[in-house]
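Note on naming: letters A, B, ... go to the chains in the order of the sequence lines (proteins, then strands), and numbering restarts at 1 for each one. Only heavy atoms go into these numbers, but all of them, side chains included; no hydrogens, no water, no symmetry mates. Every value quoted in this text rests on a predicted model; they were computed, and no experiment measured them.
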Amino acid sequence: MFSQLVVNGLVTGSVYAIAAVGVSLVYGILRLVNFAYGDMMAFGALVAYGCNGPLHQSMVVAALAGMAATALLALALDVALWKPLRARRAGFMSLFLASIGLALVLRQALLLAAGPQPEAYRVDPYRVFVIGSVRLSEAQTIAVATAAAAIVVVALFLARTTAGRVLRAMADDRTLAAVAGIDVARATRLAWAISGLLAGLAGVLAGLVEYSFTPDFGFQLLLPVFAAVVLGGIGSAYGALAGGLALGLAEELSTWSGFAGGVDPVYKPVVAFVLLALALLLRPQGLFGRARVA
Amino acid sequence: MTTPLLEVADLAAGYDDALVLHGVSLTAAREQIVAIVGPNGAGKSTLLKAIYGLVRPRAGSVRLAGVDVTGERPDRLTRRGMGFVPQIDNVFPTLTVAENLHIGSLVLPRAERQAELERMLELFPLLAERRRQRAGSLSGGQRKLVALARALVARPQLLLLDEPSAGLSPLAIDLVFEKLLEIRALGIGVVMVEQNARRALALSDTGYVLDMGRNAHSGPGPALLDDPRVVELYLGGSRRTASSSTSTSTPSGMNPPTK
C-alpha cells in the first residue's frame, strides 16, 4: 500500500514538477506570474488529443505535436501580449492581472473549440503493469517514464548547456545579462519556447494520468503547480523540480492509512495548501530559493 | 592624430524630468586610465550609464574608435568591445565563478572561449581557486574581481568601471587598483568613476572633475591632485567631505536615483 502511494505520488509529482519548471523559468526571467499556464497545459493536451483521437496518430507523435503547438502559442503570446506590456514598463501587478485575463480567454476559447465533453487518449485503461506490490496503468507508466526523462533532460539543459546558463544568468539579473553581452530579447523568446514545450508536455501527461479530461482542467492543475513553484523557491528551476515531486508525494502519502488513518483523497488539494502555507511560514524563500537581501 | 578610443561630446542625460548631465565631454585612449571624480550628484555614474546605453542620452554623442554608438543597447556595446562593470549587482550570484566568466565569454567565437577563460583564471589566481564556488557566496572584493574578469574575458578595448572601490575593505581596494594597472598594461582603455578621488587620480593618466553635470576641470590625474582649485573644492582640502562642500552651494546637485 505504502509503496503504491509512493509511486502514485511520483507520477503526480513528476507532472507538477515539469509544469512548475515551466512556470519558474518565465517567472525567473520576466517576473511574470503566469496564471494562464494551466490553460496552456490544457491547450497542449487538447492538441495532442486532436492528433491522437480524430487523426489516429500515435501517442508519441501526438505529444510532440502538443508540445510544439504550445511552444508556438507561448511565443505568439509573447509577441502579441507580453512584449508590448514590457515595452510599456508594465509592473508586476499589471502583468499578473493580464495573465488572469489571458487564462479566462484561453479557457473559454478551448471550451468553444473542443466542447465541454471529457476527452481521453487512446490508451488501454485495463492494461496494468505489476511490479512487486505496485500496480501501474499503461498511462501512468508512460507518464512517469516520460516525466523522469524530461526532468533529467531539463536539469542537464540548465546545468550544462550554454543556453541553460544564459537562462539562469537572466533569472539572476536581467540588466547584468545585457551588460555581459547577452541578447536579452532572444533569450526571453527561448525561455517562452521552453516554458511552452514543458506546458504542452505536462498537459499531455496530466491528461494521461487523469485518464479523461475536459478543456478547462488546466485550472485545477494550476494551483498545485503554483504551490510546487513556491515550495521550491520562486524562480529557482531546480527548486521547482524538487517542489513538484515533494508536493505530489505529500498529496498521495497523506492518504496512507498508517498516517493517522489517512486523509480522505478528496482533501488532497488541502494537503497541498497546508504544505504551501507551512512553507511560506517556515521557509519563505522556498526549499532552494535564496533569501532576498533588501 | 589618431582617432581616440572613446570620444564623448556634450552628452546630456537624466532621469524622467530631472536632467543630470548638462553636456559633458571626455576622451580616452588605449592603454590609459581615465578617472572621473566629483562630488555626490555631480553626475559621474549617470555619465557612465549614458555612455553605456543604460540611461538614454538626450543630446550629444558617444563614439567608440570613431564609430557613433550613442544610445546603443548595452549588449551590442559589449559586442563592440566596450565592457562595463556595475558598482553593485555585478555578478550572477547563483552561477559559479567559472559560469560567470563563461557568460562573459559568449561574445567571443566559440572556439576561443575556453582559452580566454583559462587566461582570465591565470590573471586572477584568486578566482581560479574558487572557480566552482557560487559567486553569491564570495566577499565584496572577490565579487568585484569576478565582475572585472567577466568583463575582461570578452576582450574589450575599453572598460567602464562604476565605483570600483565602493564598499570594499582597504585591502580589497589595493587589490582592485593593482588589477587596473595590469588591465591597462594589456592595452585596454579604462574609464572609471570613483568616489575615492585621491586614489583614483593618483593612479590615472587623465582625470576629469565633474560638477553639477558639467566638466569642471581636467588634466593629468596626479597634476589635478596638486591643483589648488580641485583640492579646495572636491578633495576636502580643509577636511570637509566632498559632498557637504557642494550640497550647501548647489541645491540642484541632488543625488540621481541610484540603480
Exercise. Is it the side chain or the backbone of B:V91 that comes within 4.5 Å of chain A heavy atoms, both, or neither?
Worked result: backbone
For this session: For B:R63, enumerate each residue passing the side-chain contact (heavy atoms from CB on, under 4.5 Å) test, keeping only those at least two apart in sequence or located in another chain.
Result: B:E7, B:D68
Problem set entry | Flag side-chain contact, heavy atom, 4.5 Å: B:L106 against A:T162 | yes
Exercise. Is the backbone N or O of A:V179 less than 3.5 Å from a side-chain atom of B:T78, with the two atoms forming a donor-acceptor pair by type?
Worked result: yes
Exercise. Which one of B:L77, B:N100, B:V153, B:N90 has the most heavy-atom pairs closer than 4.5 Å to chain A?
Worked result: B:N90
Exercise. Would you say A:D172's side chain and B:T94's backbone share a donor-acceptor pair under 3.5 angstrom?
Worked result: yes
Problem set entry | Under 3.5 Å: donor-acceptor pair, side chain of A:R168, backbone of B:L95 | no
Exercise. Can you check side chain to side chain contact (heavy atoms under 4.5 Å, CB included) on B:I103 and A:I182, steps first, answer last?
Worked result: CA-CA 8 Å; B:I103 292 286; A:I182 292 170; 3.7 Å; yes
For this session: Go through the steps to decide whether A:D183 and B:R76 satisfy the test salt bridge (charged side-chain N to carboxylate O under 4.0 Å, His left out), and finish with yes or no.
Result: CA-CA 8 Å; A:D183 183 339; B:R76 297 212 172 121; 5.9 Å; no
Exercise. By a 4.5 Å heavy-atom criterion (distance strictly below it), what part of A:A159 contacts chain B: side chain, backbone, both, or neither?
Worked result: backbone
Exercise. What part of B:L54 gets closer than 4.5 Å to chain A, counting heavy atoms only: side chain, backbone, both or neither?
Worked result: side chain
Exercise. Can you tell me how far the CZ atom of B:F92 sits from the CE atom of A:M170, to the nearest 0.5 Å?
Worked result: 9.5 Å
Exercise. Is any residue of residues 67-84 of chain A within less than 4.5 Å of chain B by heavy atoms, and which ones?
Worked result: none
Problem set entry | Side-chain heavy atoms of B:D89 within contact of A:T175, under 4.5 Å | no
